[in-house]
There are 2 protein chains.
Amino acid sequence: MATLPPSTLPEFPASPSEAGGPAFSPLYQQIKGLILRSLQAGEWKPGEAIPSEVDLAARFRVSQGTVRKAIDELAAENLLVRRQGKGTFVATHAEEKIQYRFLRLMPDDGEASPVERKFIDCRRLRAPAEVARALELKSGDAALQIRRLLYFRGQPVVFDDIWLHGMLFKGLTAERLSDYRGPMYGLFETEFGVRMIRAEEKLRAVSADATAAGLLNLAEGAPLLSVERLSLTYGDKPVELRRGLYNTAAHFYRNEVS
Amino acid sequence: MATLPPSTLPEFPASPSEAGGPAFSPLYQQIKGLILRSLQAGEWKPGEAIPSEVDLAARFRVSQGTVRKAIDELAAENLLVRRQGKGTFVATHAEEKIQYRFLRLMPDDGEASPVERKFIDCRRLRAPAEVARALELKSGDAALQIRRLLYFRGQPVVFDDIWLHGMLFKGLTAERLSDYRGPMYGLFETEFGVRMIRAEEKLRAVSADATAAGLLNLAEGAPLLSVERLSLTYGDKPVELRRGLYNTAAHFYRNEVS
DNA sequence: ACGCATTTGTTCGTATGTATT
DNA sequence: TAATACATACGAACAAATGCG
C-alpha cells in the first residue's frame with residue numbers, strides 16, 4: 001500500500017459511503033489499523049517490543065513520521081507504551097508495578113496498601129439474560145461466574161461478582177485463579193490470550209443485601225458503591241461483565257474530568 | 001526565544017537539576033507554556049479563535065510543526081478545540097451543545113433529557129475548615145455557598161452543595177444564578193473570568209440524611225452517590241469545592257477506564 | 001454555482017537530540 | 001564508545017473543510 005505519493009490515496013476507494021464509514025481514511029489511520037490487526041493476531045505479545053518505527057515504516061512503505069503518528073494514537077489509547085531509547089511495547093496487565101490498572105479505589109489517607117484477594121467461588125453456568133446480553137452471548141451459552149473479595153489492610157472492602165465469556169476461558173478454575181500471582185487481567189492475558197484494553201463503568205449507590213453485608217462485615221442496608229464494569233478487548237468485543245460492591249467508608253473512587 | 005537552531009536549547013539552562021524540575025524542556029513545551037500564559041491572561045477569551053498556527057509560529061519564531069505539537073497537547077487537555085478549516089478555539093463551558101461538560105450522569109434508558117435547576121440558597125460565609133483547606137483559603141476567609149437541585153424529567157435527582165472561592169466571585173447572587181441560562185461554569189467564565197479546566201472527583205456511597213432525603217423525595221437512609229468535586233483553573237489553582245448527592249435509582253455515573 | 005483564500009490536517013524528507021544498552 | 005530507538009525540530013507540499021465574494 002501507498003507506494004505512490006500520498007495524493008493518490010485512497011488507491012481503492014472501497015465501497016463508497018455506502019458502508020456507513022467515510023470511504024477514506026488518512027494513511028496513518030490505515031497504518032494504525034494494520035498495527036492493531038497485528039496486535040489482535042498476537043504477532044507481538046503483551047510486554048514485548050514491537051518493531052522499531054523505521055522497521056515498521058519500511059514494512060508498510062510509508063515514512064517514519066506516519067508510523068509515528070499511528071503509534072502516537074495507539075499509545076494514547078494505552079494499547080502501546082513508548083519508552084525512549086528502548087522501544088515501543090505492547091501494554092500489559094501482567095507487570096503493572098503497583099496495582100490494578102482498572103481499579104480506581106483509593107484509601108482516604110493517602111497510603112496505597114497492597115491488596116489481598118480471596119476467591120469465594122468459580123462456577124460454570126448458563127449465562128443469565130442480562131449477562132448474555134452484555135457479553136453478546138446466545139441465551140443459554142456457557143458463562144463463568146467468579147466471586148471474590150478484595151482486602152485492604154486485612155479488611156474486606158470490595159465484593160466482586162464477575163461473569164466471563166464462557167468459550168474464551170475454557171479450563172479456568174478456582175485453583176488457577178488462586179495460584180496466579182498478580183492481577184486477574186494478567187492471568188487472562190498470559191493464560192488465555194484475552195487482553196482487556198478498555199472498560200465502561202456504570203456507578204451507582206446501593207444498599208447492602210444480606211450477602212454483601214455479611215461478606216463485607218457491614219450492617220444490612222449499609223450504602224455501597226456499585227461499579228458495573230463491561231470490559232472490552234480488541235474490536236470493542238465485550239468479554240467480561242463485573243459488578244463490584246465497594247465499601248466506601250474508608251476509601252473512595254477517584255476520577256478526573258476535563 | 002529560539003532564534004537559533006534547536007540544538008542550542010536550552011538557551012539558559014536555568015538552575016540545574018537543583019530545583020527538582022528537569023532544568024530543560026523541549027521547544028514545543030515552552031511554546032505550550034507561552035500559549036497557556038496568554039490563555040490565562042485572557043488574551044483570547046473562551047469561545048474565541050486563537051491566532052492561526054502560522055501566525056503563532058511567526059510570533060514565537062518557531063516552525064509551524066512546533067506550534068502544532070504544542071496546540072495538540074493543549075487540545076488533548078481540552079483547553080483548546082481544533083476545527084478544521086475554521087481555526088483553533090478556546091474551550092468554553094458557555095456554549096456546550098447539550099449538557100454540562102463535567103456532569104457524567106446518564107439516565108438508565110438512553111434518552112438524555114434536558115435538566116432544570118432550582119437554587120435553594122446562595123450565601124456568603126466564612127469558609128469552614130475543610131473548605132478552606134481545599135480552596136487554599138486562610139481560615140476565616142470569605143467563601144460562597146450555593147445549594148441547588150437538578151431535575152431530570154421533573155424529578156429531583158441531584159442535590160449540590162457548592163463552595164466557591166470568596167474573592168473570585170464577588171457580587172454573585174442568587175438572582176444572577178437564576179437569571180443565567182446555561183451551565184454555572186459558563187456564568188463563572190463570562191461574568192467572573194474564572195475558567196474551570198479540570199476537576200478531581202472522589203466518589204462514595206452514603207446514606208441520605210433528613211435534608212437530602214426531603215429534597216430528593218427519598219426515605220431517610222436511602223443510598224446516594226456522593227460526588228465530591230474539586231474544580232481547578234489554570235495552574236491547578238482550586239476555585240470550587242462541590243459535594244453532589246446523586247439519586248442513582250434511575251440514573252448512573254458513567255465512566256471509562258483504560 | 002464557482003472559485004479563491006484561509007486554516008487545520010496529512011505526508012514526506014532530513015537532521016539532530018536524548019535515553020538505553 | 002558505538003549502535004539503536006524514540007523524541008524534537010525544521011521545511012515543504014498538498015488535502016480537506018470552511019467561509020466569502
Side-chain angles (χ1 to χ4, degrees), chain A residues 1-11 13 17 22-35 44 48-76 80-91, chain B residues 1-11 13 16-17 21-35 44 48-76 80-91:
Chain A
M1 53 169 307
T3 59
L4 301 174
S7 61
T8 65
L9 285 170
E11 303 179 74
S17 54
F24 135 89
S25 83
L27 192 46
Y28 78 91
Q29 286 283 2
Q30 300 176 39
I31 303 301
K32 181 183 172 187
L34 293 176
I35 297 175
W44 315 300
E48 285 181 9
I50 70 171
S52 77
E53 293 175 355
V54 271
D55 287 356
L56 288 173
R59 164 166 163 181
F60 296 131
R61 323 283 250 76
V62 299
S63 78
Q64 183 190 351
T66 301
V67 169
R68 207 175 153 69
K69 184 146 184 177
I71 293 180
D72 278 345
E73 291 208 350
L74 291 167
L80 296 175
V81 179
R82 324 189 73 136
R83 282 181 227 151
Q84 186 174 358
K86 299 180 72 172
T88 300
F89 299 78
V90 182
Chain B
M1 56 166 306
T3 58
L4 302 173
S7 60
T8 64
L9 286 170
E11 301 180 75
S17 53
F24 133 90
S25 88
L27 191 46
Y28 79 89
Q29 286 283 1
Q30 300 176 39
I31 303 302
K32 181 182 170 187
L34 293 175
I35 296 175
W44 315 300
E48 285 182 10
I50 70 171
S52 78
E53 294 176 355
V54 272
D55 285 355
L56 288 173
R59 163 164 163 181
F60 297 131
R61 321 282 249 83
V62 300
S63 77
Q64 184 189 350
T66 300
V67 168
R68 214 178 146 65
K69 183 145 184 176
I71 293 180
D72 278 345
E73 291 208 351
L74 291 167
L80 297 176
V81 179
R82 323 188 73 138
R83 280 180 230 153
Q84 187 174 355
K86 300 180 72 173
T88 300
F89 299 78
V90 182

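For clarity, every value in this text was computed on a predicted model and none was experimentally measured. Naming: A, B, ... by sequence-line order, numbering from 1 per chain.
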Separation between CZ of A/Arg61 and OG1 of A/Thr66, rounded to the nearest 0.5 Å: 14.0 Å

[X] [atom1] - [N] [atom2] separation (whole Å):
X	N	atom1	atom2	value
B/Lys32	D/dT8	NZ	C1'	15 Å
A/Arg61	C/dG13	CZ	P	11 Å
B/Phe89	D/dA17	CZ	C1'	12 Å
B/Phe60	D/dC10	CZ	P	13 Å

Which residues share a salt bridge (Lys or Arg N to Asp or Glu O under 4.0 Å) with B/Glu48, sequence neighbours left out: none

Heavy-atom pair of closest approach, residues A/Pro51 and A/Leu56: O-CD1, 3.6 Å

Donor-acceptor contacts under 3.5 Å from residues 81-90 of chain A side chains, at least two apart:
unit_1  : atom_1 : unit_2  : atom_2 : d
A/Arg82 : NH1    : A/Asp72 : OD1    : 2.4
A/Arg82 : NH2    : A/Glu53 : OE2    : 2.1

Test item: A/Ile35 and A/Phe60 side chains (from C-beta on) under 4.5 Å apart, heavy atoms: yes

Partner residues of A/Lys69 under the side-chain hydrogen bond (donor to acceptor under 3.5 Å, both in side chains) criterion, sequence neighbours left out: none

Below 3.5 Å is the cut-off: list the nitrogen or oxygen pairs between protein and nucleotides 7-9 of chain C, distance only.
unit_1 : atom_1 : unit_2  : atom_2 : d
C/dT7  : O2     : B/Gly85 : N      : 3.4
C/dT8  : OP2    : B/Glu53 : N      : 3.0
C/dG9  : OP2    : B/Arg68 : NH1    : 3.1
C/dG9  : OP2    : B/Arg68 : NH2    : 3.0
C/dG9  : OP2    : B/Arg82 : NE     : 2.7
C/dG9  : OP2    : B/Arg82 : NH2    : 3.2

